[in-house]
Structures are given as C-alpha cells and as structure tokens.
Amino acid sequence: MSKYNSVHPYGDKQEQFDRRYLEMATIWAQNSYCIRRQVGALIVKEKMIISDGYNGTPAGFENVCEDENNKTKPYVLHAEANAISKVAKSNNSSEGATLYITTSPCLECSKLIIQSGIKRVVFCNNYHSDEGIKLLKRAKIEVVYIELT
C-alpha cells in the first residue's frame, strides 16, 4: 500500500509510473557489491531515465564495501550520489527530475539532491535516520514513500 494521499496529485497513472520506476531501481540495486545493504537509484525526467546509480566504491577501487568488522567503508558512495555524479558528467540536467531510490536519502545525499534541482524523491525503504527526509521537505521537495509488495 502506498502513502499517497487519497487523491494522488498526479493521478493513478503517476502512481503506476512511480511504482514501476521504483521496481526498476530495486533491480538496479542488485548491481551493488555491498553486503549490508544494496541500494539502487534512477533519475527520471519527462518519463526518460537520465541517470542511474547504486551504492559502491569509487571507480578504480576494489569492489568491497565493508571492512573486516562488517562496517561500511567511509569512502563508499551512496546510490543517489552516484546517480547525481553521473548525470553531472552527461549532457542532461536533473532540474525538475524525480529521483527513485530504494532507501530514503541520508542528510548528505539530501543536500546533493537539493543542489541538483531534483523536485521529487520516491522511495520504498527507510534509512536509519530521517534527517535527510526532513531536509528535503524543508526545501519543498516532494517526498513520496511507496510500500512495494
């Protein structure tokens, strides 16, 4: 069941698109080498995927996300940071786009989302802190939680 208002502002068709893109982000998360949590992200603008990302180490690093104590290494990039970095290297603009992410963004990634011009964030799992969501709402970015079954 989704957390849309009883009347979704974009209608049922938008909810269907949101669910499908979020399901695609869930599949994309499987590319991650991280053991503790695999996260996937898609940036969509005008019904076109303009960027994608998943959590992992920077390019050229070993594909090991956790240390010997099963803690995430400090240089592991979050999925949304990877997707935003990727779109920044392209000819696309994320201005007005929607970010579909399997886990709600942390505070640091929320800052990147705000600065990138993304206007909507749709997610299906909660991060251990809700500070990122609070910041997005403060910036008037639409935040939508969808429970995938």
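Along the sequence shown, the residues carry numbers beginning at 1.
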Does one hydrophobic cluster hold both Ile146 and Met24, with members joined at side-chain heavy-atom distances below 4.5 Å?
-> yes
The reported gap from CG in Leu42 to OG1 in Thr26 (rounded to nearest 0.5 angstrom) is 9.0 Å
By side-chain contact (heavy atoms from CB on, under 4.5 Å), which residues pair with Glu95, not counting sequence neighbours?
-> Lys45, Ser93, Lys119
Same apolar cluster: Leu135 and Tyr145, side chain cutoff 4.5 Å = yes
Which distance, rounded to the nearest 0.5 Å, do you find between the CG of Leu22 and the CG of Asn125?
-> 8.5 Å
For the residue pair Phe123 and Val143, establish whether any side-chain heavy-atom pair is separated by less than 4.5 Å.
-> yes
Using the test salt bridge (Lys or Arg N to Asp or Glu O under 4.0 Å), find all partners of Glu46 that sit at least two apart in sequence or belong to another chain.
-> none
Just jot down the ring-ring contact (aromatic ring centres under 6.0 Å, His included) partners of Tyr21, sequence neighbours excluded, or say none.
-> Tyr100
Contact summary for Val121 and Ile141, nearest pair of heavy atoms | CG2-CG2, 4.1 Å
Reported NZ-to-NZ distance for the pair Lys89 and Lys86, which is rounded to 0.5 angstrom | 9.0 Å
For Asn70, what residues pass the side-chain contact (heavy atoms from CB on, under 4.5 Å) criterion, not counting sequence neighbours?
-> Arg36, Glu66
Is Ile133 reachable from Ile84 through a run of I, L, V, M, F, W or Y residues, each pair having side-chain heavy atoms under 4.5 Å apart?
-> yes
Among Leu112, Ile113, Val44, Val87, side chain to side chain contact (heavy atoms under 4.5 Å, CB included) partner for Ile118 = Ile113
Just checking, any donor-acceptor pair under 3.5 angstrom between side chains of Asp18 and Gln14?
-> yes
Can you check whether Lys71's main-chain N or O pairs, donor with acceptor, with Asn69's side chain at less than 3.5 Å?
-> no
For residues 129-138, the salt bridge (charged side-chain N to carboxylate O under 4.0 Å, His left out) pairs (sequence neighbours left out) are Asp130-Lys134, Glu131-Lys134
Considering only Ile, Leu, Val, Met, Phe, Trp and Tyr, and joining two whenever side-chain heavy atoms are under 4.5 Å apart, list the other residues clustered with Trp28.
-> Tyr54
Under the side-chain contact (heavy atoms from CB on, under 4.5 Å) test, residues paired with Ser85 that sit two or more places apart | none
All pairs passing disulfide bond (SG atoms under 2.5 Å apart) where residues 66-149 contributes a residue, at least two apart | none
How close do Leu77 and Pro58 get, heavy atom to heavy atom, and via which atoms?
-> CD1-CA, 4.1 Å
Identify, with sequence neighbours excluded, every residue that meets side-chain hydrogen bond (donor to acceptor under 3.5 Å, both in side chains) alongside Asn55.
-> Ser32
How many angstroms lie between OG1 in Thr102 and CD1 in Ile27, if you round to the nearest 0.5 Å?
-> 11.5 Å
Could you list the residues that satisfy side-chain contact (heavy atoms from CB on, under 4.5 Å) with Ala88, not counting sequence neighbours?
-> none
Indicate the atoms forming the closest heavy-atom contact of Ile101 with Thr103, along with that distance.
-> CG1-O, 3.0 Å
Kindly write out the residues that satisfy side-chain hydrogen bond (donor to acceptor under 3.5 Å, both in side chains) with Glu62, not counting sequence neighbours, or none if the list is empty.
-> Lys73, Tyr75
Could you give the distance from OH (Tyr127) to NE2 (His78), rounded to the nearest 0.5 Å?
-> 4.5 Å
Residue pairs passing the disulfide bond (SG atoms under 2.5 Å apart) test with at least one member in residues 23-57, sequence neighbours excluded, are Cys34-Cys65
For residues Ser51 and Ala83, report the shortest heavy-atom separation together with the two atoms involved.
-> OG-O, 2.6 Å
Is it true that Arg19 and Glu23 have a side-chain N and a carboxylate O under 4.0 angstrom from each other?
-> no
